[in-house]
*Asks:* 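Structure in structure tokens, see below.
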Amino acid sequence: MSSLFFSYSHKDEALRDRLEVHLASLKRSGAISTWHDRRIIAGDPLGQRIDENLERADIILLLISPDFLASDYCHDIEMQRALDRHAQGSARVIPVILKPCDWQHSPFASLLAAPTDGKPITRWPDEDEAFLDVVRQIRAALPAPGQAAPIQAQPTATRAAIQAQVAGPRSSNLRLRKQFSDADRDRFVDEAFEFIERFFENSLAELNERNSAIEGRFKKIDANHFSAVIYESGKARTQCTIRLGGTFGKGISYSNALGGSGNGFNEMLSVESDDQHQFLRSMGVAMMSNHREEQLSHEGAAEYYWSMLIAPLQNS
């Protein structure tokens, strides 16, 4: 059994949990055991437990995000020691890119990152597919049956000294209400629109591949809107224009017509937030009973609008 250590920022805890769910088959088969700092129980010396498990790990996952790179502890302590062990051959380090960030200029940039091509997990149309890609790469990196695990190195005095300065006892109850600025909301809706645009372009291409009688056309009109048309046996069956912005402020609108001024629409998504997260919510113009109360992620919003485009083909 290989031991696997998660090095991550607590702000990315939800993504770490999803990755661990996807590792369930490897855990059940006895191929791996996993450890992260939430396994520390009350009364344990925090820094010592982290250090012990980092030193005994066969595989160290660096869960990379802007928050990971900004964390002195993640970057200067855990990552540096992980790379030392990787260089010594006593462990294998696998960077897992969670979110877009400037990781290509980090000390681990020479290592092959997961998912494939280092595409951030949050930028995949289907995050479960991204996690599956990561799991496959972890499985491929495991020692073959009967192969000895790497020899574990001992922590250096320098690392222990640095850790003693940085680490200390603390509460895990640190959740506070987040405040989202206008800039945060604008950034969120811009990223959502870019995601929906890529989602439609990729989905239309895949629809073409799977159906010989279908032709899907994607057209990027400008930075703020694009159109999609699906033809069946040469006849236009369904179409839409998706636009960033609209009459009711900055949102993402869907129209069954091509082009247009943007004042008319069949559905509108607006940015809302709770005490922790931003999300998209539909006005419920198109399918009031189905989506009005949902908190939509980028992927959820893209699937919602895609379902509106493809429904005429599926319901005929």
Side-chain angles (χ1 to χ4, degrees), residues 4-20 35-40 46-47 49-51 53-54 57 60-86 91 93-115 117-124 127 130-131 134 158-192 194-195 273-279 297-298:
L4 187 151
F5 180 95
F6 291 94
S7 177
Y8 71 104
S9 165
H10 284 169
K11 292 183 180 180
D12 300 316
E13 192 163 6
L15 290 170
R16 185 215 67 205
D17 288 343
R18 289 300 303 159
L19 176 53
E20 191 160 21
W35 193 90
H36 50 73
D37 62 358
R38 294 304 192 199
R39 303 284 168 79
I40 300 173
L46 181 67
R49 289 293 176 267
I50 294 174
D51 190 65
N53 284 277
L54 179 58
I60 302 169
L61 299 184
L62 305 179
L63 305 190
I64 307 302
S65 70
D67 292 304
F68 180 98
L69 296 178
S71 167
D72 290 338
Y73 189 84
C74 291
H75 188 278
D76 298 338
I77 303 299
E78 291 186 351
M79 185 191 74
Q80 292 299 331
R81 181 54 189 156
L83 293 177
D84 288 345
R85 292 198 57 212
H86 186 90
V93 172
I94 302 177
V96 178
I97 313 303
L98 299 180
K99 301 175 181 178
C101 56
D102 189 28
W103 65 271
Q104 292 89 345
H105 300 284
S106 296
F108 58 83
S110 61
L111 302 179
L112 183 64
D117 298 327
K119 181 179 178 179
I121 284 174
T122 57
R123 286 297 179 92
W124 286 58
E127 287 188 2
F131 283 121
V134 173
T158 301
R159 167 176 163 73
I162 295 174
Q163 186 181 36
Q165 295 174 6
V166 177
R170 61 163 178 79
S171 172
S172 61
N173 182 17
L174 302 174
R175 178 176 174 138
L176 298 176
R177 181 181 181 86
K178 294 183 180 180
Q179 300 294 329
F180 297 104
S181 66
D182 291 341
D184 292 329
R185 285 186 283 273
D186 286 349
R187 188 179 304 110
F188 182 85
V189 73
D190 287 344
E191 291 175 352
E194 291 172 4
F195 182 94
S273 61
D274 55 21
D275 65 344
Q276 292 293 310
H277 306 287
Q278 295 185 98
F279 51 87
S297 65
H298 293 180

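For the numbers below, each heavy atom of this structure counts, side chains included, while hydrogens, waters and symmetry mates do not. No experiment lies behind these values; they were computed from the predicted model shown. One is the number of the first residue; the rest follow in order along the sequence.
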*Asks:* Using the rule given for side-chain hydrogen bond (donor to acceptor under 3.5 Å, both in side chains), can you reason through Asp67 versus His10, listing the C-alpha separation, both sets of side-chain angles and the distance that settles it, and then say yes or no?
*Replies:* CA-CA 9 Å; Asp67 292 304; His10 284 169; over 6 Å; no
*Asks:* Considering only residues two or more places apart or on different chains, which pairs with a residue in residues 179-188 satisfy side chain to side chain donor-acceptor pair (under 3.5 Å)?
*Replies:* Ser181-Asp184, Asp182-Arg185, Asp184-Arg187
*Asks:* Apply side-chain contact (heavy atoms from CB on, under 4.5 Å) to Glu127 and Leu15, showing your working.
*Replies:* CA-CA 10 Å; Glu127 287 188 2; Leu15 290 170; 4.1 Å; yes
*Asks:* Arg85 side chain to Leu54 main-chain N or O, any donor-acceptor pair under 3.5 Å?
*Replies:* yes
*Asks:* Are the side chains of Val96 and Phe68 in contact, using a 4.5 Å heavy-atom criterion?
*Replies:* no
*Asks:* Given 3.5 Å as the limit, does a donor-acceptor pair link the side chain of Ser65 with the main chain of Ile97, or not?
*Replies:* no
*Asks:* Does a side-chain heavy-atom distance below 4.5 Å link Cys74 with Met79?
*Replies:* no
*Asks:* Are any non-hydrogen side-chain atoms of Leu19 and Phe6 less than 4.5 angstrom apart?
*Replies:* yes
*Asks:* Go through it in stages, so that I can follow the logic: the residues are Asp274 and Phe279, the test is side-chain contact (heavy atoms from CB on, under 4.5 Å), and I'd like the CA-CA distance, side-chain angles, deciding distance and then a yes or no.
*Replies:* CA-CA 8 Å; Asp274 55 21; Phe279 51 87; 4.3 Å; yes
*Asks:* List the atom pairs, with distances to 0.1 Å, where a side-chain N or O of residues 103-114 and a protein N or O form a donor-acceptor pair under 3.5 Å, not counting sequence neighbours.
*Replies:*
from   : atom 1 : to     : atom 2 : distance (Å)
Ser106 : OG     : Trp103 : O      : 3.4

*Asks:* Got a sec, which pairs hit salt bridge (Lys or Arg N to Asp or Glu O under 4.0 Å) with one end in residues 97-113, sequence neighbours left out?
*Replies:* Asp12-Lys99
*Asks:* Say you draw a straight line from CD1 of Ile94 to CD1 of Ile60; how long is it, rounded to the nearest 0.5 Å?
*Replies:* 10.0 Å
*Asks:* Any idea which heavy atoms bring Tyr8 and His36 closest together, and the distance?
*Replies:* CE2-CB, 4.0 Å
*Asks:* Please identify each residue that fulfils salt bridge (charged side-chain N to carboxylate O under 4.0 Å, His left out) with Glu13, with sequence neighbours left out.
*Replies:* Arg16, Arg38
*Asks:* Are any of the side-chain heavy atoms of Ser7 and Leu61 separated by less than 4.5 Å?
*Replies:* no
*Asks:* Roughly how far, to the nearest 0.5 Å, is the CZ atom of Arg177 from the OG atom of Ser273?
*Replies:* 7.0 Å
*Asks:* For Phe180, check ring pair (Phe, Tyr, Trp, His ring centres under 6.0 Å) against everything at least two apart and list the hits.
*Replies:* none
*Asks:* Please assess Val134 against Ile121 for the test side-chain contact (heavy atoms from CB on, under 4.5 Å), listing each intermediate value before the final yes or no.
*Replies:* CA-CA 9 Å; Val134 173; Ile121 284 174; 4.2 Å; yes
*Asks:* For a 4.5 angstrom cut-off between non-hydrogen side-chain atoms, does Trp124 reach Pro115?
*Replies:* yes
*Asks:* I need the minimum non-hydrogen distance between Ala91 and Ala57, along with the two atoms involved.
*Replies:* CB-O, 3.7 Å
*Asks:* Using every non-hydrogen atom in the two residues, find where Ala192 and His298 come nearest and quote the distance to one decimal.
*Replies:* CB-CD2, 3.5 Å
*Asks:* Measure across Pro66 and Pro100 and return the closest heavy-atom pair with its distance rounded to 0.1 Å.
*Replies:* CG-O, 3.4 Å
*Asks:* Under the ring pair (Phe, Tyr, Trp, His ring centres under 6.0 Å) rule, collect the residues that match up with Phe5, sequence neighbours excluded.
*Replies:* Trp35
*Asks:* Holding to salt bridge (charged side-chain N to carboxylate O under 4.0 Å, His left out), I want the full list of residues that pass it with Asp190, two or more places apart in sequence or in another chain.
*Replies:* Lys250
*Asks:* Using a 3.5 Å distance criterion without hydrogens, assess whether the side chain of His86 forms a donor-acceptor pair with backbone atoms of Val93.
*Replies:* yes
*Asks:* Can you name the residues that form a ring pair (Phe, Tyr, Trp, His ring centres under 6.0 Å) with Phe131, not counting sequence neighbours?
*Replies:* His22
*Asks:* Identify, with sequence neighbours excluded, every residue that meets salt bridge (charged side-chain N to carboxylate O under 4.0 Å, His left out) alongside Arg49.
*Replies:* Asp44, Glu52
*Asks:* With sequence neighbours excluded, tell me which residues meet salt bridge (charged side-chain N to carboxylate O under 4.0 Å, His left out) with Glu20.
*Replies:* Lys27, Arg39
*Asks:* Measuring only between side-chain heavy atoms, which start at C-beta, is Ile50 closer than 4.5 Å to Glu78?
*Replies:* yes
